[in-house]
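One structure is given below, encoded as structure tokens.
This chain uses plain numbering: 1 for the first residue, then up along the sequence. Remember, it's 1-based here, ligands and their atoms both numbered in the order they're listed.
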Amino acid sequence: MKIALRNKLYKLIKILTRVPFWQGLLAGALVLLLLIYPYSGATQENPSKKTLQVATRVIPPFVFQDKDKLSGFSIDLWRSVANEMGASFKFTVYPTVPDILNQVEQNKVDLGIAAISITAERQKKFDFSFPMFAAGLQILVRSSEEKTNIFPNLLQTFFSPTLLQMLGIAGALILIAAHIIWLFERHHQEAMISKSYFPGIFKASWWAAATLATQADEMPKGPLGRMIAIIWMFIGVIFVAYFTATVTTAMTVQQLQGDIRGIEDLPGRVVVTTAGSTASEFLRQQRIKAVEVGSIENAYETLLKNQADALVFDSPVLLYYAANEGKGKVEIVGSVFQEENYGIVLPSNSPYRRQINSALLTLKENGIYKTLYEKWFDVKKS
Ligand code: GLU
């Protein structure tokens with residue numbers, strides 16, 4: 001027994017000396033690593049196995065929300081991208097773009113998709129996918145039918161400083177002419193004006209005013225009075241011409257100023273946009289003061305309630321509103337003045353960027369992107 005045991009031990013020692021001990025240790029360690037590693041390695045090499053957390057925000061027609069149901073161009077596009085990647089995901093809706101960016105920056109979500117513009121400033125902190133939509137900024141105003149309410153304009157003209165000044169001058173001229181005519185006419189036998197200052201001067205003023213504007217019912221009888229009347233009538237003609245020219249000019253200028261046709265017409269106007277958007281940043285750079293509201297719906301409301309003269313925002317969003325809910329109430333003016341591209345925003349060095357980009361390219365190549373574009377942007381209508 002003892003001899004057999006010793007033989008077995010002897011054989012084992014012989015095997016151990018043939019396979020060096022350290023080699024065995026290495027093999028063991030490798031097996032152990034292979035057993036443990038696949039789980040941590042999966043997110044690096046095959047990120048699509050995880051449920052991706054996707055941040056978005058309501059911004060028609062890119063993102064609509066009906067109770068818990070999300071739809072829209074960006075939502076459909078992401079679903080197709082995820083499908084290409086074979087990834088599962090979960091959407092979470094945040095109120096604003098800055099909120100989405102915050103979540104991405106803190107790695108609380110894996111990516112953000114809505115109508116998020118790719119900018120140099122954002123690129124410093126985030127990764128972006130390839131552009132997924134070409135957009136830009138444009139101006140929205142209330143419809144011209146709404147604006148061409150002539151009465152407020154007319155009232156404004158009548159109480160304008162120029163007109164009040166002219167009426168003052170006319171009053172002074174009438175008083176002077178009335179005194180002159182009273183002085184020369186009062187002694188005439190069939191005078192139209194009584195001798196005494198009161199009520200003589202009243203009648204004389206009435207005559208001077210009527211002659212200035214149109215034609216008086218009575219004329220002076222004395223030769224001097226008539227000569228003065230002729231001079232006064234000529235003054236009247238000049239005054240009426242001057243008056244007409246001034247009022248017409250004032251109204252034309254007002255009409256021209258009333259029309260916003262481009263960004264050059266925005267300074268001095270009340271402009272509304274959404275807080276933290278690229279539009280608000282653009283207006284700040286142009287030194288155009290803007291009222292900043294939370295959601296785009298609030299911005300539309302501000303414009304429609306006459307609390308703002310113009311709304312500056314992303315062109316496709318405005319176009320969609322003008323063609324649907326805002327039809328007849330608002331209109332787009334001028335062309336796109338700041339071109340921007342939308343992208344999917346990711347944390348810096350995100351492991352998903354490559355896959356997302358490949359998926360986006362595939363969708364563009366296989367026509368799915370085009371189908372989605374045509375679904376949400378009725379090309380013929382816009
Ligand atoms: N495209 C703009 C941005 O990225 C506005 C988007 C929005 O307010 O939803 O800032």
* For the rings on H179 and Y197, is their centre-to-centre separation under 6.0 Å? ->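 Judged by ring-centre distance (under 6.0 Å), H179 and Y197 do meet the cut-off.
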
* Does the separation of the ring centres of F73 and W78 fall below 6.0 angstrom? ->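 That pair fails the under 6.0 Å test.
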
* **Parallel, tilted or perpendicular: ring planes of F198 versus F202, cut at 30 and 60 degrees** =>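 Rings of F198 and F202: tilted, as their planes differ by 30° to 60°.
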
* Hey, does Y352 have a side-chain heavy atom less than 4.5 Å from the side chain of D110? ->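 When only atoms from C-beta onward are counted, Y352 and D110 do touch, with a gap below 4.5 Å.
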
* Asked: Only one of W376, F377, Y320 forms a ring-ring contact (aromatic ring centres under 6.0 Å, His included) with F62, so which one is it?
  -> F377

* To do: Give the protein residues with at least one non-hydrogen atom closer than 4.0 Å to an atom of ligand 1, ordered by chain and number.
  => R57, I59, V97, A115, I116, S117, R122, T274, S277, T278, F313, D314, Y342

* Ion pair R284/E292, N-O distance below 4.0 Å -> yes

